[in-house]
Each structure stands twice: as C-alpha cells, then as structure tokens.
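Worksheet for the structure shown next.
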Amino acid sequence: MLKQFDKPYNSKEIEKKIYRLWEKSGFFNPDKLPARHKKPFTIIMPPPNANGSLHIGHAVFVTLQDIMIRYHRMKGDKTLWLPGADHAGFETQVVYDKKLEKEGRSRFKIPRDKLWKEMWDFTQKNKEIMENQLRQLGASCDWSREKFTLDKDIIDIVYKTFEKLKKDNLLYRGKRIVNWCIKHQTSLSDVELKYEERKNCFYYVKYKVPELNSSITVATTRPETIPADVALAVNPKDKRYKKFIGRHAVNPLNGERLLIITDSAVDIKFGTGVLKITPDHDRLDEEIYNRHSEINKDSHRIINPFGKLEGKNIPKELLGLKVKEARDVSIKILENSNNLDEKFALSGIDSNYLNTVALCYKCGSQVEPLSLDNQWFVKMTEKPKSGNKSLRDIAVEAVKSGKVEFIPKRFEKVFFHWMKNIRDWNISRQIVWGIKIPDKSTEDVFDTWFSSGQWPFATLMTSGKNDFKNFYPTDVMETAWDILFFWVARMIMFGLYITGKPPFKYVYLHGLVRDKERQKMSKSKGNVIDPLGVIDIYGADALRMALIVGNTPGNDPIIYEEKIRGYRNFANKIWQASRFVLMNCGDLNLKTKPKLTASDRKKIKELEKFKKEITKFIGSFKFHTAAERLYHYFWHTFADKIIESTKPRLKGDNKKDRQSAQYLLLEILKTNLKLLHPFMPFITEEIWQYLPIKEKKLLMVEKW
RNA sequence: GGGCGCGUAGCUCAAUUGGUUAGAGCGUCUCGUUUACACCGAGAAGGUACGAGGUUCGAAUCCUCGCGCGCCCACCA
C-alpha cells in the first residue's frame, strides 16, 4: 500500500491521474451526483477570452470558484459550475490585429469572410488549449455543459434580447457622437476609455460681433474644430454677456454667422464663460445643440474617421490635414488675421493648461469624439414600454434591496456611483470579430459585453433541458473588480430585464494579481508568472494555496515564487504526515471504535471546533482565513505537536493507549483531508485513496 | 471637481468584525539527523500599529484632523 508513497511528494503524475479519475466519475455534472445532492448551487464561470493562454489572474478565479464549488458539492448540494469561453470581440480583434501586423498584413485589406474564418480558427485553437489549462488547475466544472459566446443558440438569445429592447423603445440608432479610435477604426463605449492628464494649449479666440461692433472671446483647446461651430453659448445668469444674447458672431475661420444662445450647462467660471458649440465633435456641445431649436444651422462633421479634416466650409489650408497639424495651421490663420482686424483673431495662448484627455484603453491613442450615423445605442435611463423602470433603475434597486450583494460591500457604493452617471450605451463596433448586429444597413457587430452581459441566463437557457428552471438564478458571480462596469453591471441589468430575476445572489470580487513591487503583471513588463510553468514545478495545489492565503476580497493579491514554494513544502508536509499515519495505523480494527483517553477525546473535540470554524469561514467567503487556519492547524498542531506526542504511544506496550492514538491520528487526518480538499484537491484526493475506510468513495463527493 | 481604499515585523500580508501576551509565510540568527518529512525539527531576534487628538472598562479595529501612497468616476469646453 505504501509503495506508491514516494518521497518527496510528486505532484506531476498524480495530478494528471486524479483529474482523469474525477472526470471519469461524472461528478462534475450535477445530474450525475448521488441522490443526496438536492439543493442546487450554481456558479457560471466567467468565460476566459479565447485569444491567448491562461494567466495568473485566471488561476485566481479558478481557485476561488473551485473552492466554493467543491465545498458545496461535499456539503451535499446539487452543484453546477458551468464553464465557457468568450470570443471577446474587441479584445481578440486587437490581439489578432497585432498578429496580422507582425505578418505584414492588415485587417482593413482582408475580405471580411476570410478574416472571420481565420479568427474563428484562431479562437478555437486557443479555446482548446485553455480548456486543458483549466483542467490542470483542477477546475471541477461540468464540461458537458460548456458554452462559447458564438454558439448559435447563444446568438439567438442575444438577437431576442435585441428585438425586445427594440420593441420596448430602449434601442435607437442614429447620428450621435461616439468615442472613435482612429487606430482601431471603431467606436468604443464609455467604459472602454481611460483618461490621462495632459498639458495642452488653451487658446483664446475672438469672434467678431458686427451687430454690436464688438467681439466675444471663446477659450478652446481645439481651434481646428472652429469651422464646425454652429453657435456660441453663455450661461443665462452671466451678466457679462447679456447684450450678446441673440446676436450673431462671425466664425473666424469661415465667416459663417453664429447665433449666441444661453444654456445653463455653460460654466460661468470656466475659461471666458463662452462656449463654442461644435455638435459633431463634442458631446456636451451635441447635447446643447439638441436642446436648442433656435439654432437653425445644420451641423456637420469636419474630421473623418481617419482623423483628417474634410467637408464643407473649411479653410483650404486645413483640408486633408491630421487633427494636430490642423490645429497648428488654424492658429497660424488666426494669428495672421490679427494683422487685418484686431477684433477678429487670436487674443492669447495659455500653453501650460492641464486637461484630461480620453484615450483608447487598448492602444492609448487619443479618442476622437465624432458624430457618426447608424450607431446603435441602448437607453439606460428611460423606462421600457412594457415596464416602469429603466435598465439602470432595476439594477440599482436589486442591489439596494439586497437581492444582489457585493463582497466586499464597499463595491456597492462604487456601483451606485457609476450607475448614477451612466449614459446610453453604444453597442456598435466597426470590427469583424463579433456577433453581427441584425441590421442590413450596417456591417457593425455588437459590443462583446452586450452579449456577455446576457451570459448567466443565455448559458442556462441553452445548456440543458431544465437547466434554466433548476439553476437560475445562480448563487455566486465571482470575478475581478476591474470588470464591474463592463460586465457585472450589465449582467444585473439584462438578467433582471429579460428574466425578471437577478442573475446571481452574490458578487464576489477579487483583485488584480500583482508582483512584489505592486506592479500589474503584464507580458510587456516581463513580470508575469505563468501558472502552467509554476504548476509544472510546484504543483497545482501549491499554486492554489499561494493564490488564496492573504487574498482578501476586493484587494489585489501579490504573488511571488517563494510563496508558491512555501505551499509546495506544505503539500509535502501533508504527504509525509499522511505517510506516517498510514504506516502506523494499518493494524487498527476499523469495525469498532476504541476507547479514547481523556486527552485524545479533548483533541477530537478541538478538531470538531476547528471544523466548524473552517466551515464558517468558507460559508462567509473568507477563504483566505480558512486556508491560513488549515495550513496552521495541519502543520503546527497536527504534525508538530499531535503526531510527535503519539510517537512514544505508538511504540509502547499499552495496547489500548496505542489504539486510542491510532484512532485519533486517523480521525484528524481524515477530517483535515476533507477540509483541505477544496483548496488542495489533488493531493487530498490521492491520499484519500490510500486511507483504510469502509465503503470509500472519491473524496470530492465525501460528506463535508 | 466628486468618490473609494490603503498605511501593522526587513519584505509580502492576516487577525472569526471592539476583547487576554497583535499572528503567518519568506528572510535573518543559534542548535539539532529521532518511527513521516532537510520541500525537516526545536528555539531566538525582530512591532511607539503613519502622526495627533477623541469615544470606550478596553482601540490595529469606531470618530475627527493632518501626512504619505494607490485607485475609480466626471460634459474643466
């Protein structure tokens, strides 16, 4: 029996063997669990992007979710962990664009169908690699129910939602300002931007007002957009400009007449208190323009999607120039006109002006606000025809009422704050990779989060006959806090909107893995820890423990190789201690329970208490504490103290005392293997197979 | 401009929610090969808890202010 107990513990072979054993048992599938498993417990796995291999962040979520899943399965729940993979629209497009670039190709020169096919093959290949990596991490998910975000039945559901939104008047399409990335040639939603403070020039430009033989000064960072001005606006309470209201200014770059209007959105204290209204290149301007029917001037865009100036009423010198060049040239034109008329020109430049600019979160290039036709938007704050609450309000209410709870709770505040400021959601993307929007007039695809926002119900509606009925709403959504807005918020909105129920009860948010210098791990920094490489050396159990201990909800965990090595040593400790127990308890009669000494009884009692503690910690999402306690108890109480103290007793002649000690050791080992199983599933399962137990099953389905 | 969080051993982090002497890992030092384990054992050093007030029988934990970090949101044109 002990022949296989090599020393030290060899994780490599054992892990492969054990995973096969689990898969063969069928117990990953809730339908195949023994009859005692009744109450459903469900987690939908955040589908990893099928555009690369798993990184350490994936290992964090796999571990956290697998702990919950294995705990509930042992507890006797009908446990489902539904895996999947995400086509990850824009993300994958960016990855693939880079790949094409390396090969000297460009997506803009490849026929759509051909590119689609290439990307399909690419993601399918990645998907397969990823699935094997999940297995290596020990993920006990139900592979028979695996879904992909581009499965036909999923797409059908996405289309149904699209139709429902349309019928409910929550969807509109039209000319509107979008965040345009010139490099990627697509629009982006508001959450796909990052912001950066930049030093810019703030230009003071005089607009002549002939009716008063005067002028009015506008402060702007973007003089190149002046040809697209349609009006000027001041705050109605601003006394300085009272006499200008209703008069006309002259556009200094094209001579057009511009009505001077009032709008309370204009900040009196900012700049000169005069705002030029350029509705095709600024969102605030667009809003103001839409509010004022008295501006009887058509607006038009003068910057094209490639970031170059074009269109009517533009000085010839600017045509075809890129935005930055156009800015310099327009300033030159204004400076020159100073010589002709001092009331009609540039009156000053503040060159140390700090303002915040919006950048594409992927490539960091400055996002150009452009008005585009045919972009689809989802209304966030308006009531649907069929109901009386907006998408925003149903989600906010679900969290406020406690139907959905965040762990840690502070993220509820972040959630509310974001929801308060939410604007309509641009779901059109001008890329190839994604679900095509069912709209004949454009080639756009959906924002990937439009479909993944429907993931919890879409998966369960398509994974099995009664799955939706049995497993929805799910219990826990476990994911990283950085996709709270991208994903979690949208899932809550869509879940409630489509099914009437929140998609999950708890949202557990973990942090972003960082290195010892608190740097985010990234390939470009070269500080990544490859989970598979680490597993190869130290074993999956060690990696899992290292990722859990010290990892509190919502905070960024720090991982480094020495820590993983520490838990590899722990795995070996478990192995050696078990070896000792098995070597010394082989002759214990299992049919009758021996009479225990008083001190052994006390230790059993302490063990019971310990078991309750661990259960409480896991049940309240304190996995880090549970893991640390388990580590400590096993090593420093069980191995260092209890095992040591039984050595003379096992050797001694007192048969009763010896049996008592043997019983104690076996009990503690058994209980600890169970408690450790969710955290370190491989080694505990392997040892379990050697234990002298009647009617032995797999540890993964033993009673908690 | 609004908001969130953090500051505990040399380093990285905990502490069952206000309760004895603040704990782990890694690192450091001294011993040690014994029925599992050197991926080990026994022991040691190491803390003014960022600072200053306050609440309390009792504060790392709650409150206020200050200092230093980190992050999120925003229509500063």
Side-chain angles (χ1 to χ4, degrees), chain A residues 2 5 7-9 177 190-191 193-195 197 200 202-203 218-222 225 233 265-267 269-278 281-288 353-356 358 369 408 410-414 416-423 481-482 484-485 511-512 514-518 538-539 542 545-546 549-552 554-584 612-614 616-617 620 622 624-629 631-632 635-636 639-640 643-644 646-648 650-651:
Chain A
L2 295 178
F5 250 94
K7 60 177 187 176
Y9 171 60
I177 290 261
D190 293 340
V191 283
L193 308 178
K194 58 179 181 184
Y195 293 89
E197 210 166 59
N200 268 318
F202 206 25
Y203 303 96
V218 170
T220 180
T221 52
R222 304 209 53 188
T225 64
V266 181
D267 185 346
K269 282 178 235 145
F270 192 84
T272 61
V274 184
L275 179 62
K276 70 189 198 67
I277 305 299
T278 320
H281 295 289
D282 185 281
R283 189 149 51 192
L284 175 63
D285 293 7
E286 179 188 55
E287 277 173 32
I288 294 176
Y353 178 69
L354 274 181
N355 72 339
T356 311
R410 65 183 152 91
F411 279 103
E412 290 180 6
K413 283 187 210 167
V414 181
F416 291 138
H417 182 250
W418 185 72
M419 281 298 197
K420 206 179 144 194
N421 292 314
I422 198 169
R423 275 190 301 248
W481 58 256
D482 64 332
L484 178 59
F485 308 141
L512 277 34
R514 298 180 187 263
D515 69 8
K516 253 186 152 174
E517 276 75 50
R518 307 206 120 266
Y538 301 112
M545 276 300 269
V549 176
N551 183 354
T552 49
N555 296 321
D556 295 344
I558 283 150
I559 192 79
Y560 45 95
E561 194 166 343
E562 303 91 89
K563 190 175 176 186
I564 303 166
R565 195 186 305 136
Y567 291 102
R568 186 272 316 261
N569 296 353
F570 179 51
N572 186 50
K573 193 63 172 179
I574 296 173
W575 190 251
Q576 301 304 340
S578 304
R579 193 157 166 258
F580 177 84
V581 172
L582 290 174
M583 269 164 47
N584 284 285
K612 277 185 190 146
E613 258 180 37
I614 297 299
K616 199 175 131 198
F617 286 133
S620 54
K622 283 169 194 155
H624 61 291
T625 318
E628 203 183 320
R629 295 297 167 93
Y631 174 92
H632 198 257
W635 199 318
H636 300 301
D640 288 349
I643 287 186
E644 286 306 319
T646 58
K647 282 181 180 173
L650 293 168
K651 213 166 24 177

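These values consider heavy atoms only, across backbone and side chains, with no hydrogens, waters or symmetry-generated copies. Each chain gets a letter, A, B and so on, in the order its sequence line appears, and its residues count up from 1.
- Base pairing of G1(B) is made with C73(B), judged by Watson-Crick or G-U wobble geometry with both donor-acceptor distances under 3.5 Å.
- Nearest nucleotide to the side chain of Ala577(A), out of A14(B), C72(B), A36(B): A36(B).
- Listed nucleotides C37(B), A15(B), A24(B) differ in distance to Tyr631(A); the shortest reach to its side chain belongs to A24(B).
- When the nucleotides A74(B), A36(B), G41(B) are ranked by their closest atom to the side chain of Ile643(A), A36(B) comes out on top.
- Between the P atom of A77(B) and the NZ atom of Lys269(A) lies a distance of 16 Å, rounded to the nearest Å.
- Base pairing analysis places U64(B) opposite A52(B); the two distances defining the Watson-Crick or G-U wobble pair are each below 3.5 Å.
- Taking the centre and axis of the six-membered ring of Phe580(A), the NZ or CZ atom of Lys647(A) falls inside the cone set by 45° and 6.0 Å.
- Side-chain N/O atoms of His636(A) include one lying less than 4.0 angstrom from OP1 or OP2 on G25(B).
- Judged by distance alone, with hydrogens and angles left aside, Glu644(A) brings no side-chain donor or acceptor close enough to the base of A42(B) to form a pair under 3.5 Å.
- For Ala639(A) and Thr625(A), each mapped to the nucleotide of RNA chain B holding its nearest heavy atom, the one lying further toward the 5' end belongs to Thr625(A).
- A donor-acceptor contact under 3.5 angstrom links the side chains of Lys276(A) and Thr225(A), judged on distance only.
- Side chains of Glu561(A) and Tyr538(A): a donor-acceptor N/O pair is present below 3.5 angstrom, by distance only.
- Nucleic acid contact for His281(A): none, since no nucleic acid atom lies under 4.0 Å from a heavy atom of the residue.
- Residue contacts for Thr552(A): at a heavy-atom cut-off of 4.0 Å it reaches the sugar-phosphate backbone alone, with no base atom in range.
- For Tyr353(A), a side-chain nitrogen or oxygen approaches OP1 or OP2 of A77(B) to under 4.0 Å.
- Phosphate contact (OP1/OP2 of A77(B), side-chain N/O of Asn355(A), threshold under 4.0 Å): present.
- Listed for the Lys563(A) side chain is a donor-acceptor partner under 3.5 Å among the backbone atoms of Val549(A).
- Put simply, CZ on Arg568(A) is 11 Å from C1' on A38(B), counting in whole angstrom units.
- To the nearest angstrom, C1' of C26(B) lies 7 Å from CD of Glu562(A).
- Between Lys622(A) atom NZ and U16(B) atom C1' there is a gap of 6 Å when expressed in whole angstrom units.
- The base of A36(B) sits within donor-acceptor range of the side chain of Lys647(A), with an N or O pair under 3.5 Å.
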For nucleotides 2-8 of chain B, which of its nitrogen or oxygen atoms have a protein nitrogen or oxygen under 3.5 Å away, and what is each distance?
none

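- In this entry G47(B) has no Watson-Crick or G-U wobble partner, no candidate having both defining distances under 3.5 Å.
- With distances taken from any side-chain atom of His632(A) to the nucleotides C73(B), A14(B), A24(B), the minimum falls on A24(B).
- The CD1 atom of Ile614(A) sits 14 Å away from the C1' atom of A15(B) (whole-angstrom rounding).
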